[in-house]
2 protein chains.
Amino acid sequence: MSASRQRPKLTQIATLLGVSAATVSNALAGKGRVSEEMAERIRAKAAELGYMPSQAGRALRTGRSQVLGLVLPNIANPLFPQIAQAIEHAASDAGYGVLIADSRGDVATQTRAIEQLQDRGVDGIVIVPRRGTRIADIGSPVAVIDSPSTPGNTVSADHWQGGRLVAQHLLDLGHRNLLLIGNNPVSNVQNDRIGGMKSVLTGNAQFSVLWIEDHEARHGKGCILGLKEKAREGVTAFAAVSDLHALRALTELQGAGVRVPDDASVTGFDDLTWSTAITPALTTVHMDMATIAEQAVAALTALIEAAPPVSQKREHVGHLTTQTGKPVATATQKSVPMELILRQTSGPVPSKPTEIPPAGEKQ
Amino acid sequence: MSASRQRPKLTQIATLLGVSAATVSNALAGKGRVSEEMAERIRAKAAELGYMPSQAGRALRTGRSQVLGLVLPNIANPLFPQIAQAIEHAASDAGYGVLIADSRGDVATQTRAIEQLQDRGVDGIVIVPRRGTRIADIGSPVAVIDSPSTPGNTVSADHWQGGRLVAQHLLDLGHRNLLLIGNNPVSNVQNDRIGGMKSVLTGNAQFSVLWIEDHEARHGKGCILGLKEKAREGVTAFAAVSDLHALRALTELQGAGVRVPDDASVTGFDDLTWSTAITPALTTVHMDMATIAEQAVAALTALIEAAPPVSQKREHVGHLTTQTGKPVATATQKSVPMELILRQTSGPVPSKPTEIPPAGEKQ
DNA sequence: CGAACGTGATTAAACGTTTAATCCGATCGA
DNA sequence: TCGATCGGATTAAACGTTTAATCACGTTCG
């Protein structure tokens, strides 16, 4: 069991079998004209030696690195693991590696991150843009994951439909007085979710919207949201646009003596990992990240294959390439349905008016 | 403002200035013998053209890709964002890109992920091993982030000291009856944390340990932990080895009518992003991931520089290279102190025996 | 004054792969 | 039987960079 001493290269296989390197390359790629018998022997030898092509050599020749860049608004975002994992799987399945980059929430850093990825020679970039940002035309193939209301080559979850889902669920449970909790109206995603919810809450259902950043701007960061009072005023369901806010609501209510789901229901969005780890487990709306990532990567690879490698003598220019040679973003708009995950924080509206213990909490 | 048409290459700068490509390369690298005047002109031209060297060409020649691999036990792990972000920063500062790989919790996948990274030509690998796994000698330079009790070239937080920190804090608050909550005793990290706590809890303080996986094996996954009963039996502090478990404990206690921190204290580990978003905010122990990542990357780059590129004719073998030519892992063991973050879930032990509302919760 | 030296630049090879162009026989059709 | 065709393999160039070896030339020293 001698450990692999040197990375075997094409010429080694070639000389060992008495053929040329080109033949070996062709055989392994299944491209040129190689006899089936020869091809078989070559594949066998390659397997025996544990041959793996040098990405560097290949990249240099083909102009393709087989690597995608993933730029995120903020790696520390709790949703990030889901995204990264899904993209990594999808990319890996498509034969690509994933290089990560962090915009650290900063829009300047975001463009810098993109440039750095390009310098590293990525073939394409998946961007989850900082909220409110639009991705201008950069030189590389790009796929954006955001919300369907983002223009450009976008794939995303159908946040609007997700909003409808959860609102309908609460309606079905009998709730008629809801509080929608969001963080910041600038976010396309949050707006879509809220919009979806609103679109269902017509007729005799009433609701109001609490934007946390507004509230904190007035009362200080990390302040109490005052949900207990809301509950006393008759709100029986708290629908947050993110599990994070749902968690905040849940703990604030529980700490104030409001029983969930007996006295009030709480729902979230995103199905973060810990949403089953809390008691009661959180009712939420799940993004099918696997599908989203798959579509994003598929769109990206399509773009990559369509565009000629950057520095290639193009003799007879195809009728599809633009003047600049940039890939024509086909601007596909795909949206993937979300799924309601029923757990324990949502329940039927209480029959009698909720009995909330008197005030007197410190802070 | 003509957009960069083609990626400029060395020879373009060279011909434009009437010198050879080698001189340009030397000037930009600051290596060979180039007159300061010439170097300046070259740098200016390079900047003007926005020249960026082709990683492919460089990698092929030097055998170095300037990319590190990051292998994680499970990308979906909530701690992952912190780790990934820190590693990405550190690597970026050191001039490296970061390629991610997911072991999906599976040990077989872990080795496969490592191999894939190697095939992609990474210069070194940072591994956060699946719990209980030992990283055997793979061909590449490796840095492991786990716990100090892991053998090999490791850097990690000082989980033991972190345990001491939080236990001492609870002692100082007057708690004498604690429940330590862990998930699985196989984890080095969790063991260290528990061990550190235990080491402080001597004398008249009593405690017991609850391993969640054991408990769930008996009562079903996601079951109630029975903390209310513990509280009634006199436990006043619940110290979890992870914020995740702390959150579970907190919500279970709150839902059962136990006031935190008035009736009981709860503490966690890791300072996950949402730990300030809950009410009351979670007292926890923070890992200095930035420093850990920095040290891991530093150790890795040192190893990389020390080891000769894989396929280089080594004529006069240095006296340091081993027979196999593998990098001699110097097996540094660095541990970075943790920091106690005081928030609202920990408070003084209640003066009178805790008044817990009667049982009667529905599951 | 010739040899040694130092400085600044050039030449050429090499990294490992892909691919267009080419070559060599053998087979086939006319 | 000759030319065209085709299958199967080879040759050679190219991708963009780095670097050891070399060169030209002016200076300095013995």
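Order of the sequence lines sets the chain letters (A, B, ...), proteins ahead of strands, with each chain counted from 1. Bear in mind the structure is a predicted one, so any value in this text is a computation, not a measurement.
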**OP:** For A:Leu60 and C:dT19, give me the distance from atom CG to atom C1', rounded to whole Å.
**Re:** 14 Å
Under 3.5 Å, which protein N or O atoms sit close to an N or O of nucleotides 9-11 of chain C? Give each pair with its distance.
from, atom 1, to, atom 2, distance (Å)
C:dA9, OP1, B:Ser35, OG, 3.2
C:dA9, OP2, B:Ser35, N, 2.6
C:dA9, OP2, B:Ser35, OG, 3.1
C:dT10, OP1, B:Ser20, N, 3.2
C:dT10, OP2, B:Ser20, N, 2.9
C:dT10, OP2, B:Ser20, OG, 2.8
C:dT10, OP2, B:Thr23, OG1, 2.4

Original post:
Taking only residues two or more places apart in sequence, or in another chain, which ones meet A:Arg43 in a side chain to side chain donor-acceptor pair (under 3.5 Å)?
Top reply: A:Glu36, A:Glu40
Original post:
Backbone N or O of B:Val98 within a donor-acceptor pair of the B:Glu88 side chain at under 3.5 Å?
Top reply: no
Original post:
Tell me: CD1 of B:Ile42 to P of C:dG8, nearest whole Å?
Top reply: 13 Å
**OP:** Between D:dT18, C:dT19, D:dG16, spot the one nearest the side chain of A:Lys31, thanks.
**Re:** C:dT19
**OP:** Quick one: list whatever passes side chain to side chain donor-acceptor pair (under 3.5 Å) with B:Thr15, sequence neighbours left out.
**Re:** none
Original post:
How long is the line joining CZ of A:Arg41 and C1' of D:dG8, in whole Å?
Top reply: 14 Å
Subject >> Residues in contact with DNA chain D, drawn from residues 50-59 of chain B - heavy-atom cutoff 4.0 Å >> reply: B:Tyr51, B:Pro53, B:Ser54, B:Gly57, B:Arg58
Subject >> Pairs involving residues 92-120 of chain A, ordered by first then second residue, that meet salt bridge (Lys or Arg N to Asp or Glu O under 4.0 Å) (sequence neighbours left out) >> reply: A:Asp119-B:Arg7
Original post:
Which whole-number value in Å describes the distance from A:Arg64 CZ to C:dT17 P?
Top reply: 19 Å
Subject >> Pairing residues for A:Gln295 by the side-chain contact (heavy atoms from CB on, under 4.5 Å) criterion, not counting sequence neighbours >> reply: A:Val155, A:Thr291, A:Lys334, A:Val336
Subject >> Which residues share a side chain to side chain donor-acceptor pair (under 3.5 Å) with A:Glu37, sequence neighbours left out >> reply: none
Which side-chain N or O atoms in residues 24-33 of chain B pair as donor and acceptor under 3.5 Å with protein atoms at least two apart or in another chain?
from, atom 1, to, atom 2, distance (Å)
B:Asn26, ND2, B:Ala22, O, 3.4

Subject >> Partners passing ring-ring contact (aromatic ring centres under 6.0 Å, His included) against A:Phe80 (at least two apart in sequence or in another chain) >> reply: B:Phe80
Original post:
Excluding sequence neighbours, so at least two apart, what forms side chain to side chain donor-acceptor pair (under 3.5 Å) with A:Ser156?
Top reply: none
Original post:
How long is the line joining NZ of B:Lys9 and P of D:dG16, in whole Å?
Top reply: 4 Å
**OP:** Return the angle between end axes of the helix from C:dC1-D:dG30 to C:dA30-D:dT1, with five pairs used per end and rounding to 10°.
**Re:** 60°
Original post:
Within less than 4.0 Å of OP1 or OP2 of D:dT18, is there a side-chain N or O belonging to B:Thr62?
Top reply: no
**OP:** To the nearest Å, give me how far apart CZ (B:Arg61) and C1' (C:dA13) are.
**Re:** 8 Å
Subject >> Sub-4.5 Å side-chain heavy-atom contact between A:Thr301 and A:Tyr96 >> reply: yes
Original post:
Partners of B:Lys45 by salt bridge (Lys or Arg N to Asp or Glu O under 4.0 Å), sequence neighbours excluded?
Top reply: B:Glu48
Original post:
Rounded to whole angstrom units, what separation is found between the CD atom of A:Gln66 and the P atom of D:dC15?
Top reply: 20 Å
